[in-house]
Amino acid sequence: MRPSSFLFVLAFGLDAAFARRAAPRATQNPAGVTGTRKSSFLKNVAGIPPVPPAAKVAATAFPVNDIQGDIIVGMQKPKELFYFFSIGDAASFKTHLAKDIAPILTSAEQMLNTTQQPLVLLNMAFSQAGLTTLGVLDSLGDTSFTLGQIKAIQTLAEKSDGWQQEFKGTGIHGVMLLASDTVDLINQQVAFLETTFGSSMRKVYALDGAMRPGALAGHEMFGYKDGIAQPALDGFGDTHPGQLVVPPGMILTGMDGDSGVRPVDGWMTGGSFLVFRQLEQLVPEFDKFLLDNAPIVEGKTLQERADLLGARMVGRWKSGAPIDLSPNQDDPALGNDVNRNNNFDFTHDGLDFKSDQSRCPFSAHIRKSRPRADVSSNISIMRSGIPYGGEVTAAEAASNTTSQARGLAFVSYQSSIAKGFEFIQKAWVNAPGFVFGKDVQPGFDPIVGQNFGGPRNVTGLDPNDTHKQLTLPLEFVVSRGGEYFFSPPISAFTGRLVA
Ligand code: N7H
């Protein structure tokens with residue numbers, strides 16, 4: 001038995017460990033969307049690691065039957081609806097949770113095993129206001145969660161002016177995540193859920209996400225492949241070269257490596273804090289910036305030079321190929337290869353990685369958000385977002401101006417919001433001094449760094465002079481707000497949440 005499994009069993013006893021994953025979960029809901037799948041609805045995108053094989057995970061003591069499925073799925077969902085709700089009558093809502101919802105929540109086990117995959121993934125998570133409304137008054141051991149995301153704007157260095165009104169207060173009690181391969185199936189399940197809950201639940205806001213069409217599937221709205229680098233939970237299936245292996249408790253509450261103080265009865269074991277952010281992306285403006293500021297490189301066309309600037313801002317080319325391994329041009333074969341596209345740490349023989357930026361700038365998004373050899377810590381989050389909004393129209397491209405909102409419905413899972421998402425945003429991407437080079441201040445992460453809407457300086461982007469400072473003319477990613485949630489283990493829907 002691996003140490004993590006061993007500790008889990010030690011902490012909660014054999015019975016608890018195995019009872020949580022005993023019976024396979026129901027795959028159908030007689031009154032909702034029925035039917036089983038012959039193949040997984042998760043889209044296989046070259047270069048994005050698939051979910052771990054079910055057989056390998058089954059051999060571990062992970063409570064996969066109890067962990068909500070989205071936590072391990074990543075960014076491979078073709079369609080997803082985020083349905084934010086408030087609770088009307090708590091008593092009636094709880095009755096439905098236990099009777100109608102618990103049996104159809106999708107577990108990690110179901111997502112890993114395609115013969116058990118439902119037609120529509122359903123997961124549910126609650127905000128602090130939601131738990132309070134349900135009468136769940138335990139401290140969950142996470143101050144950021146307790147305060148809610150709107151209270152974190154100072155920490156995140158943003159203003160709430162551009163936030164969706166619905167995210168500004170405490171009116172959102174929870175979110176349902178519904179994912180499938182068709183919008184029609186999702187809509188059918190929504191109709192069932194609304195009928196089931198009746199007046200005990202009210203829709204507050206909703207956001208539709210979808211993979212981009214055709215060859216752009218798996219790429220976010222600026223065009224870069226996303227979802228390549230995810231942490232592996234120690235003892236949970238396969239790992240790929242370069243993948244960061246973290247204790248399961250870094251993502252899952254109550255598991256080995258979780259440093260939070262949780263309720264003693266262990267009802268939070270196998271849950272995770274879910275950070276939701278609606279991040280609008282100004283794509284035509286971003287593209288124009290790349291063309292206007294393309295570095296001078298002999299032998300390259302203007303578009304190739306613009307692509308180089310974009311790759312230096314992100315740290316990867318659009319194919320997913322890391323610039324640390326391919327600094328001068330995109331290499332789609334590298335981007336598509338899960339055994340190579342994550343296997344780098346910014347160090348190279350003969351180069352001083354504390355001063356050399358000929359390959360990946362210190363300020364690049366992937367270096368700021370996961371500094372690899374630059375730091376000794378293994379801070380990490382599991383990203384599970386999806387693009388929203390339509391493709392850029394011809395009129396928007398011609399005018400270099402966004403007129404239809406699009407972006408990333410950002411989701412991250414972690415066992416501590418302060419040590420996960422907030423830490424990365426505050427201490428790394430927003431901190432001009434980080435990554436600590438020898439003789440240059442990197443400035444902000446040019447993709448998601450925030451400075452209360454004020455000017456953001458950045459260095460390292462021009463390969464001809466990596467000390468040159470550029471002031472970015474605007475935020476290409478604009479926060480429309482979000483909320484912090486707890487995604488409980490499925491057993492809590494018939495246990496603590498309804499007690
Ligand atoms: Fe990022 N992008 O297109 O530039 N992100 N991200 N992110 N991000 C990553 O490795 C992007 C955001 C992380 O381990 C890739 O999967 C965009 C926030 C982390 O090497 C690309 C937005 C936060 C990683 C993007 C956005 C993070 C990562 C490379 C917003 C946390 C893994 C593909 C609209 C505060 C780094 C990949 C590693 C990767 C983009 C948001 C964090 C292409 C457009 C808010 C930890």
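What you see is a predicted model; the values in this text were computed from it and never measured. Numbering of residues begins at 1 and proceeds along the displayed sequence. In each ligand, atom 1 is the first atom listed, and ligand 1 is the first ligand listed.
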### Query
Does any N/O atom on R372 come nearer than 3.5 Å to any N/O atom on ligand 1?
yes
#### Entry: Cationic tip of K159 above F452 ring, under 6.0 Å, 45° of axis
no
### Query
Does an N or O anywhere in A229 fall below 3.5 Å from an N or O of ligand 1?
yes
### Query
Are the charged groups of D374 and R367 less than 4.0 angstrom apart, N to O?
yes
### Query
Do Q243 and Q230 have side-chain N/O donor and acceptor atoms under 3.5 Å apart?
no
### Query
What about the rings of F167 and F84, do their centers lie closer together than 6.0 Å?
yes
### contact_flag V429 ligand 1 heavy-atom lt 4.0 Å
no
### Task
Starting from atom 21 (C) of ligand 1, locate the nearest protein heavy atom and write down its residue, its atom name and how far away it is, to 0.1 Å.
D226 OD1, 3.6 Å
### Query
Where is the tightest heavy-atom contact between Q450 and Q425, given as atom of each residue plus distance?
CG-NE2, 3.7 Å
### Query
Any idea which protein heavy atom is nearest atom 33 (C) of ligand 1, and the distance to it?
K225 O, 3.3 Å
## Note on the structure
A student checking ligand 1 against V448 at a 4.0 Å heavy-atom cut-off should list atoms 12 (C), 22 (C), 26 (C), 30 (C), 41 (C)
### Task
Anything under 30° is parallel, anything over 60° is perpendicular, the rest tilted; go ahead and classify F421 against F410.
tilted
### Query
Do we get R372 above F344's six-membered ring, with its NZ or CZ under 6.0 Å from the centre and within 45° of the axis?
yes
### Message
Quick check: F222 and ligand 1, any N/O pair under 3.5 Å apart?
### Response
no
### Query
In terms of the angle between their ring planes, are F145 and F273 parallel, tilted or perpendicular, with boundaries placed at 30° and 60°?
tilted
### Query
Is Q230 in contact with ligand 1, taking contact as a heavy-atom separation below 4.0 Å?
no
### Message
My understanding is that we take every heavy atom of each candidate and find the minimum distance to atom 42 (C) of ligand 1. Doing that for S369, G315, S479, which one comes out nearest?
### Response
S369
### Query
Looking only at N/O atoms, are V314 and ligand 1 under 3.5 Å apart anywhere?
no
### Query
Touching ligand 1 at all, G407? Heavy atoms, strictly under 4.0 Å?
no
### Message
Show the atoms of ligand 1 that are less than 4.0 angstrom away from any heavy atom in Q281.
### Response
34 (C), 44 (C)
### Query
Which is it for F346 and F362 under the ring-ring contact (aromatic ring centres under 6.0 Å, His included) test, yes or no, and what are the steps along the way?
CA-CA 10 Å; F346 309 122; F362 296 135; 9.0 Å; no
### Query
Can you find an N/O atom of Y224 closer than 3.5 Å to an N/O atom of ligand 1?
no
### Query
For the side chain to side chain contact (heavy atoms under 4.5 Å, CB included) test, which of I447, I424, I381 pairs with S369?
I424
### Query
Any idea which atoms of ligand 1 are less than 4.0 Å away from a heavy-atom of Q425?
35 (C), 45 (C)
### Query
Of the choices E422, R383, K426, M313, which has the non-hydrogen atom that lies closest to atom 39 (C) of ligand 1?
R383
### Where Q149 and F276 come nearest, the two heavy atoms and their spacing
NE2-O, 3.0 Å
### Summary
For F421, the atoms of ligand 1 under 4.0 Å from one of its heavy atoms are 35 (C)
### Query
How far is atom 17 (C) of ligand 1 from its nearest protein heavy atom, and which residue and atom name does that atom have?
I447 CG2, 4.0 Å
### Message
Measuring centre to centre across the rings, with the benzene-like ring taken for any Trp, is F476 within less than 6.0 Å of F289?
### Response
yes
### Short N or O distance, E220 and ligand 1, threshold 3.5 Å exclusive
yes
#### Entry: For atom 12 (C) of ligand 1, the protein heavy atom that lies nearest, with its residue and separation
F410 CE1, 3.6 Å
#### Entry: Nearest-neighbour protein heavy atom for atom 14 (O) of ligand 1, which is reported as residue plus atom name and distance
R370 CD, 2.8 Å
### Message
Between D462 and K468, is the salt bridge (charged side-chain N to carboxylate O under 4.0 Å, His left out) condition met? List the steps.
### Response
CA-CA 7 Å; D462 187 340; K468 190 165 117 192; 3.0 Å; yes
### Message
Evaluate H365 for polar contact with ligand 1, using N/O atom pairs at a separation under 3.5 Å.
### Response
yes
